[in-house]
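What follows is a single structure, written as structure tokens, with notes after it.
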Amino acid sequence: MPPKPSIHTMLQTAVSQLKSDEAKLEAQLLLQHLLHVNRAWLIAHQHDVVDDKVLADFEALLQRRIAGEPIAYILGRREFYGLDLFVTPDTLIPRPDTETLVETALARIQNNANQTIVDLGTGTGAIALAIAKHRPQARVIAVDISNAALNIANKNADNLQITNVQFVLSHWFDELSQRRFDVIVSNPPYIEENDAHLSQGDLRFEPKSALTSGEDGLNDIRMIIDNSLVHLQPQGWLMLEHGFNQAEKVADLMSNAGFVSIETFKDFGGNNRVTIGKNPLIINEHWAT
Ligand code: GLN
């Protein structure tokens with residue numbers, strides 16, 4: 001029998017098999033996951049050998065990754081805005097780009113009990129939970145059309161002990177009756193139906209319903225924009241994530257729907273990613289909610 005490989009050798013062999021740019025990190029994450037240890041432990045114990053079972057399980061996880069399965073689905077976890085989130089193939093994998101939406105929202109949400117925020121298409125709950133955590137006095141409603149996604153989002157809220165989020169099964173505003181919010185946020189599907197990227201990388205494994213939205217990718221964005229003003233308080237904000245090349249169209253749609261103070265923000269990669277617009281209505285004595 002050949003000698004058992006050390007952790008160092010296992011990782012080296014894995015890196016040579018993985019094609020990803022992040023091979024070293026991914027190999028470490030897979031082994032950490034099986035051994036229930038952190039990266040520092042792995043480095044400190046690189047001359048150790050592991051059980052046969054761990055060796056076999058590591059090989060199996062490696063093969064899944066080599067076959068293209070996203071690392072987040074294999075681990076069942078992804079970090080987003082400092083939150084450790086459960087993810088499954090029922091949910092989109094939270095992306096760093098979406099942290100731009102959270103930051104844009106937090107900059108416009110005060111921490112007081114009167115503020116209500118809705119996150120449309122919450123998936124793992126990433127956006128809703130990040131906002132709720134940083135604005136503990138505010139009330140957040142997180143909506144999704146998928147029961148499976150809402151179960152994960154609920155589990156994430158429990159795990160993170162975030163209690164100011166309420167989850168609602170709904171297609172966009174359908175089950176929210178006449179409720180009005182101070183802020184509406186959404187990272188809806190926005191990829192063009194025939195975009196070649198859909199057959200590449202992680203996107204192949206993610207729910208289509210969370211990714212694509214008609215020929216120009218804007219079907220859901222149009223639907224949300226057209227229905228938002230009646231769900232916004234006077235001076236309330238609509239904030240949408242969109243594709244890198246959709247900012248102008250989203251701004252036009254918002255402008256045509258009657259929004260004002262329209263502005264686009266870039267993600268950390270320098271791409272236009274989030275466009276916001278304000279309800280022009282000003283509160284007066286005739287206003288009744
Ligand atoms: N930003 C993601 C991507 O292009 C798509 C997420 C979405 O459609 N909301 O991979």
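Counting starts at 1 for both ligands and their atoms, in listed order.
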May I ask you to list the atoms of ligand 1 that are less than 4.0 angstrom from any heavy atom of L203? 10 (O)
What atoms of ligand 1 come within less than 4.0 Å of a heavy atom belonging to P188? 7 (C), 8 (O), 9 (N)
Closest non-hydrogen protein atom to atom 1 (N) of ligand 1, residue and atom name please, with distance? Y190 OH, 2.6 Å
Close approach of D97 to ligand 1, heavy atoms, under 4.0 angstrom: no
Ligand 1-proximal atoms of A210, by part, heavy-atom distance under 4.0 Å: backbone
Using the ring centroid of each side chain, check whether H231 and F173 are separated by less than 6.0 Å. yes
Starting from L232, can I reach L101 by hopping between I/L/V/M/F/W/Y residues whose side chains sit under 4.5 Å apart? no
Between S6 and T9, is any side-chain donor less than 3.5 angstrom from a side-chain acceptor? yes
Got the closest protein heavy atom to atom 4 (O) of ligand 1, with its distance? I191 CD1, 3.8 Å
salt_bridge(K4, D52) N-O dist < 4.0 Å: yes
Return a yes/no value for N187: is any of its N or O atoms, backbone included, closer than 3.5 angstrom to an N or O of ligand 1? yes
Starting from the C-alpha separation in whole Å, work towards a yes-or-no answer on side-chain hydrogen bond (donor to acceptor under 3.5 Å, both in side chains) for R39 and Q28. CA-CA 7 Å; R39 192 157 167 267; Q28 288 174 336; 2.8 Å; yes
Would you compute the distance between atom CD1 of I152 and atom CG of N159 and round it to the nearest 0.5 angstrom? 11.5 Å
For atom 3 (C) of ligand 1, the closest protein heavy atom turns out to be R95 NE, 3.6 Å
One thing to verify: whether R222 and D216 come together as a salt bridge, which I'm taking to mean a side-chain N less than 4.0 angstrom from a carboxylate O. yes
Could you tell me which atoms of ligand 1, counted from 1 in the order shown, lie closer than 4.0 angstrom to a heavy atom of P189? 8 (O)
